[in-house]
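Comments concern the structure below.
A note on names: the letters A, B, ... follow the listed sequences, proteins ahead of strands, and every chain is numbered from 1.
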Amino acid sequence: MDFKKVEFLLKRYDRGETTRSEELELRTFFENETVPEHWAHYKLLFSFFQNESQIESNHNFTTPRKTKFRPWMSIAAAAVVTIGVFFQQYESNRQKQEAQKAFAQTFEILNLVSEQMTKSTAKLSYIKTFSDTTNQFIKQ
Amino acid sequence: MKEAEFMQIITPFQDKMFRVIRRLLVSIDSSEDACQEVLLKLWNMRSKLSSYRSVEALAMTMAKNHCLDILKSKHSQELILVHSNYDNREMMVTDRIDLEDSMKMVTTIIDTLPEKQRLVMQLKDIEQYDFDEIEDMLEMSYSAIRTNLSRARQYVKEELIKMHNYGLQKS
């Protein structure tokens, strides 16, 4: 390719007008020929483009492994939920029963205490009679 | 759609997509992650893929949107990144010359371009797509693509000439 044509193509290139095949022509021209000093930057640029287009990604895409749906999975899930609910019910029932038991025991103890109290206060009436009589004597 | 069939569809453009994503996100690690995510999205819609004119264009559009979302959510971090690139570039101007360094220099110049220009340049100059394909991928008009492309090319050219002149003065 003669320099006149290269110059013409470069002008179009700078304006962004060149087609793919024209750019290929330029690329091969700058790859192969020794070029005048004032085109040195084009030579660098086109060899840069050439280099960059060779870069490969070293990472290969792998499709994600899809987890297959298995029927027993839903059964297992349902079982887990049922057991959970059942256990919670059982636990709260047990707590209620325990509380009732404790309440009954406390009630019994309090009853006993109050019974003893009434018995004891009955005995107090003797003291009252005693003190009343004493008071009468002191007044006289 | 079977896995093998899906792989057959994505293999031709998987590397291209990775490069486009990397041009936008810069970091290799996050680009690989983003690539996986886009491919996973494609895999999840595999039953609908046949209704698209070009799965490749669809993939590129999705990749672009995904990257722009990531960049938007990390905007503050991205600013720091651009800044560090710039430092890097200053350093390389002083002790460049060999080819590998010159390549890095071009990378850093391109990485300072606005996202849209970077993207258009990647698709046109490196992946060698045609205008109509890029129109599909970026949902942009021909003239908008051309404007972005010529701005990017002009900018890169000017920066390269600047560096080149600087290098000549030094040696």
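Here the shortest heavy-atom pairing between A:Phe61 and B:Gln36 reads CD1-OE1, 3.5 Å.
Using modelled atom types, no side-chain atom of A:Asp14 and backbone atom of B:Gln154 make a donor-acceptor pair closer than 3.5 Å.
Atom CD of A:Gln89 has 12 or fewer neighbouring heavy atoms from other residues, nucleotides or ligands inside a 6.0 Å radius. The 12-atom threshold is exceeded at NZ of B:Lys16, counting heavy atoms of other residues, nucleotides or ligands nearer than 6.0 Å.
Heavy-atom pairs under 4.5 Å with chain A peak, among B:Glu127, B:Gln122, B:Met103, at B:Met103. Ranking B:Leu40, B:Ile21, B:Leu149 against chain A, the residue ahead of the rest is B:Leu40, based on heavy-atom pairs under 4.5 Å. Your options are B:Ile10, B:Thr11, B:Thr107, and the one with the most heavy-atom pairs under 4.5 Å with chain A is B:Thr107.
Within the 4.5 Å cutoff, the side chain of A:Tyr13 has heavy atoms near those of the B:Asp125 side chain.
Scanning residues 16-27 of chain A against chain B with a 4.5 Å non-hydrogen threshold yields A:Gly16, A:Glu17, A:Thr18, A:Thr19, A:Arg20, A:Glu23, A:Leu24, A:Arg27, sorted by number. Proximity to chain B at a heavy-atom threshold of 4.5 Å picks out A:Ser47, A:Phe48, A:Phe49, A:Asn51, A:Glu52, A:Ser53, A:Gln54 from residues 47-54 of chain A, in numerical order.
In this structure, A:Ile55 shares a hydrophobic cluster with B:Phe18, B:Ile28, the cluster being traced through Ile, Leu, Val, Met, Phe, Trp and Tyr side chains under 4.5 angstrom apart.
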Identify all side-chain donor-acceptor contacts of residues 108-118 of chain A below 3.5 Å with residues at least two apart in sequence or on another chain.
| unit_1 | atom_1 | unit_2 | atom_2 | d |
| --- | --- | --- | --- | --- |
| A:Ser114 | OG | A:Asn111 | O | 3.2 |
| A:Thr118 | OG1 | A:Ser114 | O | 2.7 |
| A:Thr118 | OG1 | A:Glu115 | O | 2.9 |

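Atom CG of A:Leu45 is separated from atom CZ of B:Arg153 by 8.5 Å, given to the nearest 0.5 angstrom.
With a 4.5 angstrom heavy-atom cutoff, B:Met121 touches chain A only via side-chain atoms.
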